[in-house]
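A short worksheet on the structure shown next.
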Amino acid sequence: MKRIYLSPPHLGEQEIHKVNEVFKSNWIAPLGPEVDGFEQDLQELFDGSYVAVLSSGTAAIHLALILCGTKPGDEVICQSLTFSGSAYPITYTGAHPIFIDSEDNTWNIDPEYLEIAIKNRLKKGKKPKAIIPVHLYGMPASMSKIIEISKLYSIPIIEDAAEALGSKYFDKKCGSIGDYGILSFNGNKIITTSGGGALISSDISVINRAKFLATQARDPAPHYEHSQIGFNYRMSNVIAAIGRGQLKLLEDRIQSRRANFDRYKAYFDAKNKLGYCIKWLDEKKGFFSNRWLTTILIEPKKNNGISREKLWLAFEEKNIESRPVWKPMHMQPVFKDALYFGETVAESIFNHGLCLPSGTNMTEEDWERIFDVLDSIFK
Ligand SMILES: *Cc1c(COP(=O)(O)O)cnc(C)c1O
């Protein structure tokens, strides 16, 4: 039986032709017309914002932190319930992360604890350099409250939209709400370039500066002249061609991911009517999720002893990939010394949460295998 993956790449017909054209033109270099073209396409999507395409989402967060002026010894606030890529770049700058708990109705950064943390740090004479909220699994964070706090204390927002391309918060597209936004085109994301990312800003000078730093900080001169440290963080022209083909499919992919969610929800709704208590996240008013991954919470006490582990194992036995919800950063060994503000919301989501197979190229046979496993558990 072939393995059903959590979120495999799903390429269309166009990408290979675009890559062929790049080969024919011999633009096998970092930078080139496809990089410019991919940036223009993304700028059109994020109407009015400016975009730099980069080697990864992690690189985009690193550059955003540098652009915020983050220096060794500084502090940066970050949502705890996220993928490590949100938090690692804080340490690249020599700064310390401060982690914040989640709200249970978005799973994202809790604005109340965000403000408590800021007040605490200000009292200690430490003003955080940036706030990194995440739209986890595609569900928007409560941005209005986060922006209010960001303005009140004048701390910029780096919006991690790595999992939320196509998600919307009221009339705004996720990624273009904060002072800086970042995207990822890693292989498991809703669209992919195999690996890649982007930085978004409404300020063109920010984006120009990001492009400068991402191409080894070359000062204008006929020879290589450098007055500061740079990075090799630019996206390659070959990869950008894949991205341009993928971006055309985004609307279709969002619809498929949302259809996956609806299908699971209808199934669990029916099970809950029989006495189970399986939970999922509904969209609050004005929230639009791309439903990148469908996630559920199963507490054994309320579900006849069925745990997240039991379901995960049952899937594995049938060669189907599911995955526990991301383990919060404040619980990770590598961040054991980091400050944390909150209670146990993120921890409890981690303890009971499971990400279900959410690819957009699943066949009816794949679905049958998935529902057979679920039927064997939720009898
Ligand atoms: C994938 C991801 C990143 C990192 O993006 P890469 O392109 O893999 O470096 C950062 N944050 C979140 C929430 C992610 O899911």
Side-chain angles (χ1 to χ4, degrees), residues 5-9 38 42 51-66 76-93 97 99-100 102 106-109 130-141 143 146 157-167 174-175 177-178 180-200 210 214 231-236 239-240 242-243 246-247 257 281 289-295 323-330 332 334-335 346 349-350 353 355 358-359:
Y5 289 99
L6 190 68
S7 180
F38 192 26
L42 285 165
V51 178
V53 292
L54 302 165
S55 54
S56 71
T58 308
I61 296 179
H62 188 195
L63 288 181
L65 286 164
I66 291 170
V76 173
I77 292 181
C78 183
Q79 179 168 325
S80 184
L81 185 64
T82 186
F83 178 67
S84 58
S86 310
Y88 282 159
I90 299 169
T91 68
Y92 303 166
T93 65
F99 295 115
I100 309 288
S102 288
T106 64
W107 291 15
N108 293 315
I109 195 164
I131 303 164
I132 308 180
V134 184
H135 308 299
L136 202 68
Y137 303 123
M139 183 61 76
M143 291 308 291
I146 298 166
I157 295 172
I158 301 172
E159 190 194 349
D160 182 346
E163 301 177 1
L165 179 57
S167 295
C174 288
I177 307 170
Y180 306 82
I182 77 99
L183 302 175
S184 168
F185 306 113
N186 196 35
N188 58 346
K189 300 300 194 308
I190 193 161
I191 63 164
T192 182
T193 57
S194 75
L199 181 68
I200 305 170
F231 302 88
N232 186 2
Y233 275 174
R234 219 41 178 126
M235 180 179 279
S236 102
I239 297 290
I242 303 175
Q246 282 272 285
L247 195 58
R257 298 262 175 179
L281 269 188
S289 170
N290 67 7
R291 295 289 184 191
W292 173 56
L293 296 187
T294 296
T295 52
R323 191 182 284 266
V325 160
W326 303 174
K327 183 176 178 178
M329 291 302 117
H330 75 279
Q332 298 286 359
V334 73
F335 290 126
I349 293 169
F350 167 63
C355 306
S358 302

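Counting convention: from 1, in listed order, for ligands and their atoms alike.
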Nearest atoms (heavy-atom pairs only) where Ile177 meets Glu159: N-OE1, 2.8 Å
Backbone N/O of Phe185 and side chain of Thr192: donor-acceptor pair under 3.5 Å: yes
Donor-acceptor side-chain pairing of Ser7 and Arg257 below 3.5 angstrom: yes
Smallest separation among heavy atoms of Leu81 and Trp326, with atom names: CD1-O, 3.1 Å
Top protein contact for atom 1 (C) of ligand 1, by heavy-atom distance: Lys189 NZ, 1.8 Å
Numbered atoms and elements of ligand 1 in range of Ser56, under 4.0 angstrom, heavy atoms: 7 (O), 9 (O)
Close approach, Ala59 and ligand 1, non-hydrogen under 4.0 angstrom: no
Atoms of ligand 1 close to Thr82 [distance to a heavy atom under 4.0 angstrom, numbered from 1]: 13 (C)
Tyr88 atom OH: more than 12 heavy-atom contacts under 6.0 Å: no
Heavy-atom closest contact (Gly175 atom, His135 atom, distance): N-NE2, 4.4 Å
Flag side-chain contact, heavy atom, 4.5 Å: Asn188 against Leu6: no
Those atoms of ligand 1 less than 4.0 Å from some heavy atom in Asn186: 8 (O)
Contact partition for Val134 relative to ligand 1, non-hydrogen atoms under 4.0 Å: side chain
Heavy-atom nearest neighbour in the protein, as seen from atom 15 (O) of ligand 1, with distance rounded to 0.1 Å: Glu163 OE2, 2.5 Å
Test of proximity, Thr58 against ligand 1: N or O pairs below 3.5 Å: yes
OH (Tyr92) with more than 12 external heavy atoms under 6.0 Å: yes
Residue, atom name and distance, where the atom is the protein heavy atom closest to atom 10 (C) of ligand 1: Asp160 OD2, 3.6 Å
Identity and separation of the nearest protein heavy atom to atom 14 (C) of ligand 1: Ala162 CB, 3.4 Å
Whether Ser86 lies under 4.0 Å from ligand 1, heavy atom: yes
Contacting atoms of ligand 1, where contact means under 4.0 angstrom from a heavy atom of Gly196: 7 (O)
